[in-house]
2 protein chains.
Amino acid sequence: MKKVKRTTIYDIAAKLGITASSVSRALNNSSQVNEKTRELIIKTADELNYKRNTLASNLRKGHSKTIGVVVPRINQNFFSNVIAGIEETTYQKGYNLIICQSGEVHDKEIQCVNTLINQHVDCIVISVSADSYDYQHLQNVLDHGIQLIQFDRVAEELETLKVINDNEQASFEAVSHLIENGYKRIALLEGPQNLNIFRQRKNGYLRALETHKVKVIDELVVENAWTKELGAEATRKLLNLPHPPDAIFASTSDFSALGVLEVANVMNIKVPSELGICGYSNEAFTEITSPSITTIDQFSVYMGKTIGNLFFQEIANVEVSVKPKIISIKPELIIRGSTKKNSSL
Amino acid sequence: MKKVKRTTIYDIAAKLGITASSVSRALNNSSQVNEKTRELIIKTADELNYKRNTLASNLRKGHSKTIGVVVPRINQNFFSNVIAGIEETTYQKGYNLIICQSGEVHDKEIQCVNTLINQHVDCIVISVSADSYDYQHLQNVLDHGIQLIQFDRVAEELETLKVINDNEQASFEAVSHLIENGYKRIALLEGPQNLNIFRQRKNGYLRALETHKVKVIDELVVENAWTKELGAEATRKLLNLPHPPDAIFASTSDFSALGVLEVANVMNIKVPSELGICGYSNEAFTEITSPSITTIDQFSVYMGKTIGNLFFQEIANVEVSVKPKIISIKPELIIRGSTKKNSSL
DNA sequence: ATAAAAATTGCAATCGATTGCGTAAAATAT
DNA sequence: ATATTTTACGCAATCGATTGCAATTTTTAT
C-alpha cells in the first residue's frame, strides 16, 4: 500500500488563491463566507477528492464525536443487540462507536477504559464484567470529564447515568407464574452474586416465594450456573435429590435453561408436566426447542436506542441534570410450553 | 458534566522544569532520555493522572491505529462473531475498532465508508451490503491509501485483500451429501445473486448435481429466499408442486432452513425421511431443533482472527506484497438429523 | 588534563483544522 | 458624495504530541 498524500484544506486554498480559513468556513457552512466562494470551494474540494481529517478537527474542537462501548463479549446476543441499538441512534447524529470487549476479565476492562479515555471519547457506555471487584477505573472516567453510562450490569454505588432492566420485577413475575401454574418446589440457578443483575433476580425469586407463602429451600438454590454446561450439571444434581424440584428457574440465561432441558430429556423427565423450566433473555432458540422455553425478553435493541438517546439528552442540557438519572426498562415474561404444567402443549 | 482541563505533557514538563520533548520521549520509551528523568516523569504523569491524547498523537504520526469495520448488521451471529475475532487479534496490538452497520443499504454503506476515511482509519474491513451495485466507494478507500480487506461478501472485481469462505466447495459437499443419502429431487433456496457468496453457493449446487449426473430442475430453484419467512413461503410452494422435492438446501441461511422445517411440520411431512433439509451457517439453534439441522460451519470467529492477522502481516512488509492476496477458509459440513434419510434419528 | 565520543536535553517546526480578531471591500443610509 | 453598517476574507494562535537538528553536558579515550 503506497503512501498517499491526502489533500488538505491548504491544498484547496492554494489552488484557489485564498486562505485555509475560508475553506474551513465554507466546508462548515459558516455564514461568513460568500455564497459564490463557497460553491467554488466545495466544487474544488470535490474535484480534489478532499476528505476532512477528523483527527485534526476533533483535536482542535476538543471532542471526538465518538462513543466508546465496553461489553464482556461482542458476540453475545444481548450485547450485540444493544450495540446495534446504540449504533442506530448515534450514527445518525454523526457519532462513531469504538467497541471493546472485556472478555469478562477485570484487568482487560480497565485497559479498555483507559484506551477509550486516551481516545478522548465523549462518552463511555459500559456493562461491567463478571469478575469486576472495584470501580476505580469508572470513577476515573468521570474524573476526566467523560460522560459515563452504565447499562444492564452496573456498579450501583457509582452515581452515573444508568439504563437497566427491572430484573427483580421480571424475576418476581416469572416465579409467580410458576407458582400459579401449580409448581411447588422451584429451584433457582443463580449467577455470580457480585453482579447486581443476578442479585436482583435472586431477590425477585425470594420475594415471589414469600408473597405466595412458599418456603425457601436452600438446597434448591444453586450458585454460578450460568452456562449451558453448568446449568446441566446443576440440573443433574437437583433431579437426583431425595426431594427434587418440580420446576427450575434458570435466572442466569437461556443457555442455562437449555442445559436443564437437555438433562431432563436424557433423564426422561417430562417437561412441562414433571418439570417446569424458565430461562432468561429470550434467545432466538427458546422459541424452537420442544417444548419451547418460557423466558424473559429484555428488549435489548430498544435498550441500546435508549442509551443513545439518553446521551444526546444529556449533552443537550449540560447544567440542568444534577442527580444521577436511572432509566429502568420493564422486561416482559414470555410464556411458552415449558411451564404449562396443566395444559397440553 | 463539568468541563475538565486534562493534564498534558506541558503540565508535566512545567511541574518538572523541563521540556515537553523530554516528557514525550520518556513516555514513549525513547532511549534518548536519562533513566532517572524518565522515572521522575512517569511518576509525575501518574500523580497528575495523565492520559495521552491519542488524537494529537495520531495526527502528528499520520495514522490512527484504528481499524474500521462495516457490516450489514452488527447483531447478526456471523458478523458479531467475525467482529469478536477481529477485536481479539487487533486489540492486543493496540488497535481500536470503529464499527458501523450498513443495514444492507448501499447509501448508508457509502456514508459509513466516508466516515471511516475521515477518521483516518488505517484499514477498512468490509462485508458489502446485499443491495450494493457499484464499488466506487471502495475504490475510493484504496485511492486514499487506506488498506482494504473484504470478507465473506466481496466485490470480486476489486483487487483487494480478501478473506472468504470457499462457498462453492461447501455447497458442493452439502448437496453431494444429500445425493449420497438417497435424496433425488433437491431444491435450492438461493440468495440475491448480486452477492458473490450466493452465486458461489449456487454454483456448488449445480456442480454437485452435474457430478452425480442429476438433472437440474428449474422449478426447484427458488430466488431470494433468505429469511425464515421467505424460506417458509418458498417451501409451501415447493411442497405443493405436482412433483415436490424430497430435499431442500437452504443455501442462504439457517433461518431459512428453520422456515422450511416449520412448514414441513405444519404440513405433516416427515423430516428427514420424506424431506431432507440442509441450512447454512451453523447457527446455535440448528443443534437443538428436532430433528437437528444439517448445516455448514463457517468458523466465523476464526475468520475474524484471520482478518486481523492478515492486516498486521501486510503492514509488516509494505513493499513485498504486490498481488492481491486472497485467503480462503474451508467451511465444514456438519451432518445432523435433518438429512439422515435412511437411518433413524 | 585534553580531545573525542556519547548521552541528554532543548528548540522549533509540524500534523490539519478551527476561530477570535482585525481589516479591507462592498452595501446601505444620510 | 460622504458616513456608517455589513459582509467577506486574511492573519495568526491554538489544540497536544512528536521529532529532526542543534546545543549542552557527561562519559570515555588518549
Side-chain angles (χ1 to χ4, degrees), chain A residues 3-42 44-45 48-66 94 117-122 144-145, chain B residues 3-42 44-45 48-66 94 117-122 144-145:
Chain A
K3 186 98 183 177
V4 177
K5 169 76 178 84
R6 294 162 74 141
T7 77
T8 70
I9 52 172
Y10 295 98
D11 299 328
I12 300 176
K15 182 159 184 190
L16 259 33
I18 54 174
T19 316
S21 319
S22 297
V23 178
S24 172
R25 283 191 264 256
L27 263 22
N28 285 292
N29 293 317
S30 159
S31 61
Q32 45 176 331
V33 54
N34 187 284
E35 198 48 47
K36 283 184 185 165
T37 331
R38 178 202 309 288
E39 278 169 25
L40 193 61
I41 289 173
I42 290 177
T44 315
L48 298 179
N49 200 4
Y50 169 79
K51 291 275 187 304
R52 168 194 276 121
N53 185 330
T54 319
L55 288 174
S57 170
N58 289 339
L59 172 60
R60 179 58 227 259
K61 294 207 265 193
H63 65 239
S64 63
K65 281 215 157 200
T66 297
I117 295 178
N118 288 354
Q119 288 282 346
H120 272 229
V121 295
D122 296 343
H144 277 89
Chain B
K3 186 97 183 178
V4 178
K5 167 77 178 84
R6 295 163 74 140
T7 78
T8 70
I9 51 173
Y10 296 98
D11 299 329
I12 300 175
K15 181 159 183 188
L16 259 35
I18 54 174
T19 318
S21 320
S22 297
V23 177
S24 171
R25 282 191 265 257
L27 263 23
N28 285 292
N29 293 317
S30 158
S31 62
Q32 46 174 334
V33 54
N34 186 285
E35 198 47 48
K36 282 184 184 165
T37 333
R38 178 203 309 288
E39 279 170 25
L40 193 59
I41 290 173
I42 290 177
T44 315
L48 298 179
N49 201 2
Y50 169 78
K51 291 275 187 304
R52 168 193 278 121
N53 184 329
T54 320
L55 289 174
S57 169
N58 289 340
L59 172 60
R60 179 57 227 260
K61 294 206 264 192
H63 65 240
S64 62
K65 281 214 157 200
T66 296
I117 295 178
N118 288 355
Q119 287 282 347
H120 272 229
V121 295
D122 296 343
H144 276 88

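Keep in mind the model is a prediction, meaning the values are calculated, not measured. Numbered from 1 within each chain, the chains take letters A, B, ... in sequence-line order.
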Problem set entry | Test salt bridge (charged side-chain N to carboxylate O under 4.0 Å, His left out) applied to Arg38(B) and Glu35(B), step by step | CA-CA 5 Å; Arg38(B) 178 203 309 288; Glu35(B) 198 47 48; 3.4 Å; yes
Exercise. Rounded to the nearest Å, what distance is computed from the CG atom of residue Asn58(A) to the P atom of nucleotide dC15(C)?
Worked result: 19 Å
Problem set entry | Residue whose closest nucleotide on DNA chain C lies nearer the 5' end, Arg25(B) versus Leu27(A) | Arg25(B)
For this session: Measure across His144(B) and Asn49(A) and return the closest heavy-atom pair with its distance rounded to 0.1 Å.
Result: NE2-O, 3.3 Å
Exercise. Just to confirm, is there a sub-4.0 Å distance from OP1 or OP2 of dG16(D) to any side-chain nitrogen or oxygen of Thr8(B)?
Worked result: no
Problem set entry | Nucleotide nearest Val33(A) (side chain, heavy atoms from C-beta), chosen from dC9(D), dA17(D), dT18(C) | dC9(D)
Problem set entry | Whole-Å gap separating P (dC15(D)) and CZ (Arg52(B)) | 19 Å
Problem set entry | Rounded interatomic separation in angstrom, taking NZ from Lys61(B) and C1' from dG20(D) | 16 Å
Exercise. Hey, does the side chain of Ser57(B) come within less than 4.0 Å of dA17(D)'s phosphate (OP1/OP2), counting only N and O?
Worked result: no
For this session: Locate the shortest heavy-atom distance separating Thr7(A) from Leu48(A); write the atom from each residue and the value.
Result: CG2-O, 3.3 Å
Exercise. Does a side-chain N or O from Thr37(A) land closer than 4.0 Å to OP1 or OP2 of dC9(D), or not?
Worked result: yes
For this session: Could you pick out which residue, Arg38(B) or Arg60(B), lies toward the 5' side of DNA chain C when each is mapped onto its nearest nucleotide?
Result: Arg38(B)
Problem set entry | Phosphate contact (dT19(C) OP1 or OP2) by Ser24(A) side-chain N/O below 4.0 Å | no
Seminar exercise, completed: To the nearest angstrom, the CD1-C1' distance between Ile9(B) and dA12(C) comes to 14 Å
Problem set entry | Nearest-angstrom distance from the residue atom NE2 of His63(B) to C1' of dT18(D) | 11 Å
Exercise. Which pair of non-hydrogen atoms, one from His120(B) and one from Asn53(A), has the smallest distance, and what is that distance?
Worked result: CE1-ND2, 3.2 Å
Exercise. Is a donor-acceptor contact shorter than 3.5 angstrom present between the side chain of Ser21(A) and the base of dT19(C)?
Worked result: yes
Exercise. Does Ser22(B) make a side-chain N or O approach to OP1 or OP2 of dG10(C) shorter than 4.0 Å?
Worked result: yes
For this session: Round to a whole Å and report the spacing from OH of Tyr50(A) to C1' of dG16(C).
Result: 8 Å
For this session: Report which part of the nucleic acid Ser31(A) touches: base, sugar-phosphate, or nothing (heavy-atom distance under 4.0 Å, all strands).
Result: sugar-phosphate
For this session: Please report, rounded to the nearest Å, how far the C1' atom of dT18(D) is from the CG atom of Asn53(B).
Result: 13 Å
Exercise. According to a strict under-4.0 Å criterion, is Arg6(A) in side-chain N/O contact with OP1 or OP2 of dC15(C)?
Worked result: no
Exercise. Between dA8(D), dC11(C), dG16(D), which one does the side chain of Asn34(A) approach most closely?
Worked result: dA8(D)
Problem set entry | Closest-nucleotide ordering on DNA chain D, the 5'-leading residue of Lys51(B) and Gln32(B) | Lys51(B)
Problem set entry | Rounded distance (Å) that lies between atom P of dT14(C) and atom CG of Leu55(B) | 22 Å
Problem set entry | Minimum heavy-atom distance between Val121(A) and Ser64(A), given as atom pair plus value | CA-OG, 3.3 Å
Exercise. Do you know the tightest heavy-atom contact between Leu55(B) and Asn58(A)?
Worked result: CD1-CB, 3.9 Å
